[in-house]
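To start, the structure under review is shown below, and the notes come after it.
Just so you know, these numbers use all the heavy atoms, side chains as well, and skip hydrogens, waters and symmetry mates. We number each residue from 1, following the sequence as shown.
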Amino acid sequence: QVQLVESGGGLVQVGDSLRLSCAASGRSFNDYAAGWFRQIPGKEREFVAAISSWSGSNTDYADSVKGRFTLSRDNAKNTVWLQMNSLKSEDTAVYYCAARLQYSSTGSLATLTNKYNYWGQGTQVTVSS
């Protein structure tokens, strides 16, 4: 079992940056792949980014955030970060951190919500124009 807590959301202007954190507890986070998803009212939760377990050598991003968002992890701190630059108004959403066991860091990254077993409570990101 692993528990996830997101932080770092807030209200920013278009073009600003934010860094979201996902802190894991409960057991070693080394062998968990992590993902970020976002959701706005009335719409399904959508994939944002994912990072492989262990070294985090593999990452994947939604086309809408590619080149602007960067995912990284520090297993010693049991934390995953989502650095969001050049924010747009359409990035406004509740952002959720998720995790799934991935014993091999070379395995494929999951972009579907039903592939993740553990979820945080979400953090609101609002980008104002």
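No side-chain donor-acceptor contact under 3.5 Å links Ser128 to the backbone of Gln13.
Within a 6.0 Å sphere centred on CD of Gln1, heavy atoms belonging to other residues, nucleotides or ligands number 12 at most.
Side-chain heavy atoms closer than 4.5 Å link hydrophobic residues (I, L, V, M, F, W, Y) into clusters, and following such links, possibly through other members, connects Phe69 to Val14. One hydrophobic cluster, built from ILVMFWY side chains closer than 4.5 Å, cannot hold both Val65 and Phe47; they sit in different ones. By the criterion of side-chain heavy atoms lying less than 4.5 angstrom apart, applied directly or through intervening Ile, Leu, Val, Met, Phe, Trp or Tyr residues, Val2 is grouped together with Leu101 in one hydrophobic cluster. Residues Tyr32 and Tyr96 do not share a hydrophobic cluster, clusters being chains of Ile/Leu/Val/Met/Phe/Trp/Tyr side chains in contact below 4.5 Å.
For Asp31, the salt bridge (Lys or Arg N to Asp or Glu O under 4.0 Å) partners at least two apart in sequence or on another chain are Arg27. Trp54 meets the side chain to side chain donor-acceptor pair (under 3.5 Å) test with no other residue; sequence neighbours excluded. Partners of Ser108 under the side-chain contact (heavy atoms from CB on, under 4.5 Å) rule, at least two apart in sequence or in another chain, do not exist in this structure. In this structure Trp119 satisfies the ring pair (Phe, Tyr, Trp, His ring centres under 6.0 Å) test together with Phe37, sequence neighbours excluded. Applying the side chain to side chain donor-acceptor pair (under 3.5 Å) rule to Thr126 yields the partners Gln124; only residues at least two apart in sequence or on another chain are considered.
Comment: Lys66 engages Asp63 in a salt bridge, judged by a side-chain N to carboxylate O separation of less than 4.0 angstrom.
Inter-residue side-chain proximity for Asn58 and Leu109 is flagged as met; some heavy-atom pair is nearer than 4.5 Å. Between Arg73 and Phe29, the closest side-chain pair of non-hydrogen atoms falls below 4.5 Å. Inter-residue side-chain proximity for Leu20 and Trp81 is flagged as unmet; no heavy-atom pair is nearer than 4.5 Å.
The shortest non-hydrogen separation linking Thr79 to Ser21 is CG2-CB, 4.4 Å. Closest non-hydrogen pair, Ala110 versus Tyr116, comes out as O-OH, 2.7 Å. Among all heavy-atom pairs drawn from Val12 and Leu18, the shortest one is CG1-CG, 3.7 Å. Closest of all the heavy-atom pairs between Leu82 and Ala49 is CD1-CB, 4.2 Å. Here the closest non-hydrogen pair linking Arg68 and Leu87 is NH1-CA, 3.8 Å. The shortest heavy-atom contact between Ser17 and Ser86 is OG-N, 4.3 Å.
The structure places SG of Cys97 at 5.5 Å from CD of Glu6, a figure rounded to the nearest 0.5 Å. Asn85 contributes atom CG, which lies 11.5 Å from atom CZ of Arg19 (distance to the nearest 0.5 angstrom). Here the CZ-OH distance, from Arg100 to Tyr118, works out to 12.0 Å after rounding to the nearest 0.5 Å.
Side chains of Gln102 and Ser53: a donor-acceptor N/O pair is present below 3.5 angstrom, by distance only.
The side-chain hydrogen bond (donor to acceptor under 3.5 Å, both in side chains) analysis of residues 41-50, with sequence neighbours excluded, yields the pairs Arg38-Glu46, Gln39-Arg45.
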Verdict with reasoning, Asp16 to Val127, per side chain to side chain contact (heavy atoms under 4.5 Å, CB included): CA-CA 8 Å; Asp16 285 352; Val127 185; over 6 Å; no
Apply side chain to side chain contact (heavy atoms under 4.5 Å, CB included) to residues Ile51 and Trp36 and explain how you reach the verdict. CA-CA 9 Å; Ile51 189 166; Trp36 284 92; over 6 Å; no
